[in-house]
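Small disclaimer: the values here were computed from a predicted structure and weren't measured.
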Amino acid sequence: MAEKWRNWARQQACVPARVERPADEEQLSAAIKRAAREGLRVRAVGSGHSFTDTCLTDGVMIDQTGMQRVLGVDRATGLVRVEAGVKLHRLTAELHQHGLALENQGDIDTQSLAGALATATHGTGERFRNLSANVVGCRLVTATGDVVEIDEARDPDAWRAARVSVGALGVISSYTLRCVPAFRIHRIDEVRPATEVLVDLDRLVAEHDHFEVMALPHTDKVLTYASQRTDRPAAPPGRLAAWWNDDLLSNAGLGAACHFGRLFPGAVPRVARALTGVIGRYEQLNDSHRVYAHKRRVRFTEMEYAIPRVHAVEALERVRALIVARWIPVLFPIEVRFTAPDDAFLSTAYGRDTAYIAVHQVVRAEYEPFFRAVEAIMDEYEGRPHWGKRHFQSAATLAARYPAWQDFQAVRARLDPHGLFTNDYVARVLGAPAGREA
């Protein structure tokens, strides 16, 4: 019986012709050769944490769960070679054992490394780039099953393309990452008046290693995450405080409130104010990988746009006003983060200091009118959607937003001219491959 695959949010599903589960690069290459001989397209899948249809296929699905080994660690240089299917939480825990860490992380660590890199996943901090910027090299299995070693010295264009590829070039078997010495983070979470934070946002972002704003819909408050790197001894929160914040408020409480609001939308503003009233100050001082990531047990769908940082406050205020004006029954905070520019061709932060604005909606709640309205705002700032999150763009609307768009397409035409790795999503957002109609 054919296997049905669903993503984490349970909103994207497909029935592949076959699911291959390679345990190493040799088996991965053989799986791709078989698919090519049979005329079946190929898509790789990690944790299914993308909200778009980026992984869907009726051809061969490559599940890289069996490829999670750390292959080599050089503590002197900080270079680490690792299989592409490794989950971020597993990778960061193993790096820590070697006295190393990722330079920065996002707030979810259940993704596979390949999935996070391919979609330009990022954390926050004006001095730090997204995760893919620390890819020194990779080994990519092409449509012929051949393995190509890619780095800046050998092939600078392919290196800039493969770091954020949306899976359109081939299947990456392993990466070489530049890591940093392990460090700790001291983070303080607290609710503050929105006007107080937004008027002073540039200073707050500049004086903290990592700064994040969670604007609380239907209120005049924001929750801020303010983090500094430190070598002070770890002082994790007590069990009761951790349970209250991580389990009760951030998961059980938020989930119950969101589903109540879905059923009784008229009560959402009152629920929002009640939730805000019980969020207290929360402090952590722990190893970086233990602080960056949050538990996520409430299933949701998400859209995130990368815009020039200079427009962050204006764009956020417009989204907040939209929610109030249209009485949109949303309780998930509006998330605002920041990164430095980088040079991967399809990076959402390519060539510009970037602010990211993300909106969420609980599963089973209507999201499309809200997300489309937010997207219309982001379009005015030349917004670039996160490749793994909801959006309604196409290659025709996206090409002008990426200065190196044609450079990526040239690499794609060279490595996968007939579109073996092109599914409906890739064809929609990147266009048809050079030698094959989508």
Determine, step by step, whether Asp342 and Ser347 satisfy the side-chain hydrogen bond (donor to acceptor under 3.5 Å, both in side chains) criterion, reporting the C-alpha distance in whole Å, the side-chain angles of both residues, the deciding distance to 0.1 Å, and the verdict. CA-CA 7 Å; Asp342 64 71; Ser347 170; 2.8 Å; yes
Could you go through Tyr425 and Val166, starting from their C-alpha distance and side-chain angles, then the distance that decides it, and tell me whether this counts as side-chain contact (heavy atoms from CB on, under 4.5 Å)? CA-CA 9 Å; Tyr425 177 77; Val166 201; 3.8 Å; yes
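Salt-bridge formation is detected for the pair Arg203/Glu207: a Lys NZ or Arg NE/NH1/NH2 atom is positioned less than 4.0 Å from an Asp or Glu carboxylate oxygen. Ionic pairing of Glu103 and Arg178 is not present here: no N-O contact between side-chain nitrogen and carboxylate oxygen is shorter than 4.0 angstrom. One finds a salt bridge joining Lys295 and Asp247 here, because a Lys/Arg side-chain nitrogen approaches an Asp/Glu carboxylate oxygen to under 4.0 Å. With respect to Arg184 and Asp231, no salt bridge is recorded, no charged nitrogen being found less than 4.0 Å from a carboxylate O. Between Glu302 and Lys389 there is a salt bridge, with a side-chain nitrogen of the basic residue lying less than 4.0 Å from a carboxylate oxygen of the acidic one. Salt-bridge formation is detected for the pair Arg309/Asp202: a Lys NZ or Arg NE/NH1/NH2 atom is positioned less than 4.0 Å from an Asp or Glu carboxylate oxygen. Between Arg320 and Glu317 there is a salt bridge, with a side-chain nitrogen of the basic residue lying less than 4.0 Å from a carboxylate oxygen of the acidic one. A salt bridge links Arg160 with Glu152; the closest basic N to acidic carboxylate O contact falls under 4.0 Å. The pair Asp155-Arg414 counts as a salt bridge, with a side-chain nitrogen and a carboxylate oxygen less than 4.0 angstrom apart.
Distance check: Leu131 CG to Leu88 CG gives 6.5 Å after rounding to the nearest 0.5 Å. In this structure, the separation between CG on Asp379 and CZ on Arg372 is 11.0 Å, given to the nearest 0.5 Å. One distance of note links CG of Asn286 with CZ of Arg187; it measures 11.5 Å at 0.5 Å rounding. Separation of atoms OG1 (Thr142) and CG (Leu169) is listed at 10.5 Å; rounding is to 0.5 Å. With values rounded to the nearest 0.5 angstrom, Arg296 atom CZ is found 10.0 Å from Asp246 atom CG. Going from atom CG of Asp109 over to atom CZ of Arg90 covers 13.5 Å, rounded to the nearest 0.5 Å.
Put simply, the side chain of Leu113 reaches to within 4.5 Å of the side chain of Leu177, judged on heavy atoms. Side-chain atoms of Tyr282 and Glu190, non-hydrogen and from C-beta on, never get closer than 4.5 Å to each other. No side-chain heavy atom of Leu79 sits less than 4.5 Å from a side-chain heavy atom of Cys179. Leu102 places none of its side-chain heavy atoms less than 4.5 Å from the side chain of His289. For the pair Leu91 and Leu95, the minimum side-chain heavy-atom distance is below 4.5 Å. A heavy-atom distance below 4.5 Å is found between the side chains of Trp5 and Val45. Under the 4.5 Å side-chain criterion, counting only non-hydrogen atoms from C-beta, Val82 is not in contact with Arg69. No side-chain heavy atom of Met214 sits less than 4.5 Å from a side-chain heavy atom of Ile334.
Tyr175 does not carry Arg81 over the face of its six-membered ring by the limits of under 6.0 Å from the centre and within 45° of the normal. Taking the centre and axis of the six-membered ring of Tyr350, the NZ or CZ atom of Arg384 falls outside the cone set by 45° and 6.0 Å. A cation-pi arrangement is present between Arg299 and Trp8 under the rule of less than 6.0 angstrom and at most 45 degrees off the ring axis.
For the 3.5 Å distance criterion, the side chains of Gln11 and Arg390 qualify, holding a donor opposite an acceptor. Using modelled atom types and a 3.5 Å distance limit, the side chains of Glu314 and Tyr381 yield a donor-acceptor pair. Remark: the Arg43 side chain and the Thr54 side chain contain an N/O donor-acceptor pair separated by less than 3.5 Å. Side chains of Thr119 and Thr121: a donor on one and an acceptor on the other come within 3.5 Å. Donor-acceptor pairing under 3.5 Å is lacking for the side chains of Thr57 and Asn423.
For Tyr402 and Trp387, the gap between ring centers is short of 6.0 Å. In summary, the aromatic rings of Tyr225 and His294 are positioned with their centroids under 6.0 Å apart. Within the 6.0 Å centre-distance limit, the rings of Phe300 and Phe51 are counted as a close aromatic pair. Checked against a 6.0 Å centroid threshold, the rings of His386 and Tyr356 do not count as neighbours.
The one candidate from Val336, Ile328, Ile377 that meets the side-chain contact (heavy atoms from CB on, under 4.5 Å) condition with Val319 is Ile377. Checking each of Arg412, Arg41, Arg428 against Thr422 for a side chain to side chain donor-acceptor pair (under 3.5 Å) leaves exactly one that passes, namely Arg412. Of the residues Arg229, Gln284, Glu283, the one that meets the side chain to side chain donor-acceptor pair (under 3.5 Å) test with His186 is Glu283. Of the candidates Gln105, Glu304, Arg129, Glu304 is the only one forming a side chain to side chain donor-acceptor pair (under 3.5 Å) with His122.
Counting heavy-atom neighbours within 6.0 Å of Asn251 CG, excluding the residue itself, gives a total above 12. Heavy-atom contacts from other residues, nucleotides or ligands closer than 6.0 Å to CD of Glu382 number 12 or fewer. The number of heavy-atom neighbours closer than 6.0 Å to CG of Asp424, taken from other residues, nucleotides and ligands shown, is 12 or below.
A donor-acceptor pair under 3.5 Å links the side-chain atoms of Arg401 to the main chain of Thr397, judged by distance alone. Side chain of Glu375 to main chain of Phe392: a donor-acceptor pair is present (N/O by atom type, distance under 3.5 Å, no hydrogens or angles). Side chain of Thr124 to backbone of Phe338: a donor-acceptor contact under 3.5 angstrom is found. Put simply, the side chain of His391 gets close to the backbone of Gln393: a donor and an acceptor are under 3.5 Å apart. Of the possible polar contacts, none joining the Thr224 side chain to the Ala226 backbone as a donor-acceptor pair under 3.5 Å is found. Put simply, the side chain of Glu83 gets close to the backbone of Gln68: a donor and an acceptor are under 3.5 Å apart. With hydrogens and angles disregarded, no donor-acceptor distance shorter than 3.5 Å links the side chain of Thr354 to the backbone of Pro308. Using modelled atom types, one side-chain atom of Trp159 and one backbone atom of Val136 make a donor-acceptor pair closer than 3.5 Å. With hydrogens and angles ignored, the 3.5 Å screen pairs a side-chain donor or acceptor of Gln409 with a backbone N or O of Leu430. At least one donor-acceptor pair closer than 3.5 Å links the side chain of Asn7 to the backbone N or O of Gln12.
When all heavy atoms are compared, the tightest approach of Leu316 to Ala215 is CD1-CB, 4.0 Å. When all heavy atoms are compared, the tightest approach of Cys14 to Pro16 is O-CD, 3.6 Å. For Asp416 against Phe421, the heavy-atom pair with the smallest separation is OD2-N, 3.0 Å. Nearest heavy atoms, Ala44 versus Cys55: O-SG, 3.9 Å. Taking every heavy atom of both residues into account, Ile185 and Ser227 meet most closely at CG2-CB, 3.7 Å.
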